[in-house]
Trainee: 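Quick one: this structure, given as structure tokens, is what I'll be asking you about.
In this chain, residues are counted from 1 in sequence order.
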Amino acid sequence: MERGTAFLKRQINNAVAQHDRFLWALEDHEEQAEDLRFRDLCSRHIPYIRELQRMLEEYQSQLAVNTGLGREIVGAANGGARDLADAARASDFFRLVGDITMSRRSEDTFKTFREAGKMMGYKTLQEIGDVGEGHHKAYVREANRLVQQMFVEHAQGIDSVARQSQVIRADTST
């Protein structure tokens with residue numbers, strides 16, 4: 001495993017790619033969402049996530065990380081994976097669950113950056129971590145509330161169908 005600057009650069013590269021996937025998902029889901037609440041959630045958080053992406057990429061450049069060809073290759077590979085993943089998640093509910101998972105992963109990454117920045121005295125890393133963790137925590141909190149509401153709405157729809165079929169069966173047995 002790398003150490004020192006090489007390790008830090010690799011972690012920043014990973015965070016840039018990971019966070020870019022999340023930003024892409026929010027932008028895509030803002031356009032695709034049938035549920036207006038989901039669309040609104042994406043719309044409200046996209047500006048913050050874009051700003052975080054800008055901060056990460058700026059820090060990446062400060063570290064003189066190669067952002068050229070390697071990133072394009074990773075981006076192209078991730079694009080195909082994203083298309084397949086979204087095809088499998090054809091509903092707003094499953095898209096939102098996936099977004100929550102990605103955001104939690106980013107939240108953990110930013111928390112690590114914040115604490116590592118504090119310990120090492122890297123103020124920029126600490127600030128990026130602090131801002132990023134806060135934004136992702138806020139997104140996850142709102143998204144969890146929405147996914148819970150969506151779950152209940154979907155389950156109640158199924159539950160009422162299940163109750164109706166039980167009533168029909170009970171009526172036909174007499």
Trainee: Run the salt-bridge test on Glu107 and Arg141 with the 4.0 Å N-O cut-off and return the result as yes or no.
Mentor: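 No salt bridge links Glu107 with Arg141.
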Trainee: CZ of Arg37: more than 12 outside heavy atoms within 6.0 angstrom?
Mentor: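 More than 12 within 6.0 Å, yes.
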Trainee: Without hydrogens or angle criteria, can the side chains of Gln53 and Glu57 be said to hold a donor-acceptor pair below 3.5 Å?
Mentor: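 Yes.
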Trainee: Hey, are Glu34 and Arg39 close enough for a salt bridge, meaning a charged N less than 4.0 Å from a carboxylate O?
Mentor: no
Trainee: Could you walk me through whether Phe38 and Asp99 pass the side-chain contact (heavy atoms from CB on, under 4.5 Å) check?
Mentor: CA-CA 11 Å; Phe38 184 29; Asp99 290 353; 3.6 Å; yes
Trainee: Nearest 0.5 Å, what's the CG-OG distance between Leu36 and Ser43?
Mentor: 10.0 Å
Trainee: Do the side chains of Leu146 and Gln149 get nearer than 4.5 Å, heavy atoms only?
Mentor: yes
Trainee: Can you tell me if CZ on Phe93 sees more than 12 non-hydrogen neighbours from other groups inside 6.0 Å?
Mentor: yes
Trainee: Between Tyr139 and Phe22 (judged by ring centroids, cut-off 6.0 Å), do the two rings come close enough to count as a pair?
Mentor: yes
Trainee: Report the distance from atom OG1 of Thr112 to atom CG of Leu125, rounding to the nearest 0.5 Å.
Mentor: 9.5 Å
Trainee: Mind checking whether Tyr59 and Gln62 have side chains closer than 4.5 Å, heavy atoms only?
Mentor: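 Side chain of Tyr59 against side chain of Gln62, heavy atoms only: contact under 4.5 Å found.
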Trainee: Between Asp28 and Trp24 (side chain of the first, backbone of the second, donor and acceptor by atom type, cut-off under 3.5 Å), is there such a pair?
Mentor: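 No: the side chain of Asp28 does not pair with the backbone of Trp24.
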Trainee: Same cluster or not: are Val16 and Leu63 linked, directly or through other Ile, Leu, Val, Met, Phe, Trp or Tyr residues, by side-chain heavy atoms under 4.5 angstrom apart?
Mentor: yes
Trainee: To the nearest 0.5 Å, tell me how far Cys42 SG sits from Arg95 CZ.
Mentor: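 One finds 10.0 Å between SG of Cys42 and CZ of Arg95.
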Trainee: To the nearest 0.5 Å, how far apart are CE in Met120 and CZ in Phe113?
Mentor: 9.5 Å
Trainee: Pair Gln126, Glu115 - check side-chain contact (heavy atoms from CB on, under 4.5 Å), show working.
Mentor: CA-CA 7 Å; Gln126 179 184 346; Glu115 293 305 313; over 6 Å; no
Trainee: Strictly under 6.0 Å, is that where the ring centroids of His136 and His45 end up?
Mentor: no
Trainee: As an exercise, state the distance from CE of Met150 to OG of Ser91, rounded to the nearest 0.5 Å.
Mentor: 6.5 Å
Trainee: Look up atom OG in Ser103 and atom CD in Glu142, then write down how far apart they are to the nearest 0.5 Å.
Mentor: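 Answer rounded to 0.5 Å: 10.5 Å.
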Trainee: Between Phe110 and Asp130, is the side-chain contact (heavy atoms from CB on, under 4.5 Å) condition met? List the steps.
Mentor: CA-CA 7 Å; Phe110 283 114; Asp130 192 44; over 6 Å; no
Trainee: So Asp40 and Arg44, salt bridge (Lys or Arg N to Asp or Glu O under 4.0 Å) or not? Walk me through it.
Mentor: CA-CA 6 Å; Asp40 183 56; Arg44 281 194 321 275; 2.2 Å; yes
Trainee: Please report the C-alpha distance between Gln18 and Leu56 in whole Å, then the side-chain angles of each, then the deciding distance to 0.1 Å, and finally whether the side-chain contact (heavy atoms from CB on, under 4.5 Å) criterion is met.
Mentor: CA-CA 11 Å; Gln18 172 187 337; Leu56 281 169; over 6 Å; no
Trainee: Using the rule that Ile, Leu, Val, Met, Phe, Trp and Tyr join whenever any side-chain heavy atoms are under 4.5 Å apart, tell me whether Leu23 and Tyr48 fall into a single cluster.
Mentor: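 Different hydrophobic clusters.
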Trainee: Give the cluster check for Phe151 versus Phe94: same hydrophobic cluster or not, with ILVMFWY residues linked at side-chain heavy-atom distances below 4.5 Å.
Mentor: yes
Trainee: Closer than 4.0 angstrom, basic N to acidic O: yes or no for Arg54 and Glu58?
Mentor: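 Salt bridge flag = yes for Glu58 with Arg54.
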Trainee: Taking Asp35's backbone N and O only, do any of them form a donor-acceptor pair with Asp92's side chain (distance below 3.5 Å, no angle check)?
Mentor: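 Pair found, side chain donor or acceptor close to backbone of Asp35.
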Trainee: What I'd like to find out is whether the side chain of Glu127 reaches to under 4.5 Å of the side chain of Met55, using heavy atoms alone.
Mentor: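 Counting from C-beta outward, Glu127 and Met55 never come under 4.5 Å.
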Trainee: Determine whether a donor-acceptor pair (N or O, by modelled atom type, separation under 3.5 Å) exists between the side chain of His29 and the backbone of Ala25.
Mentor: yes
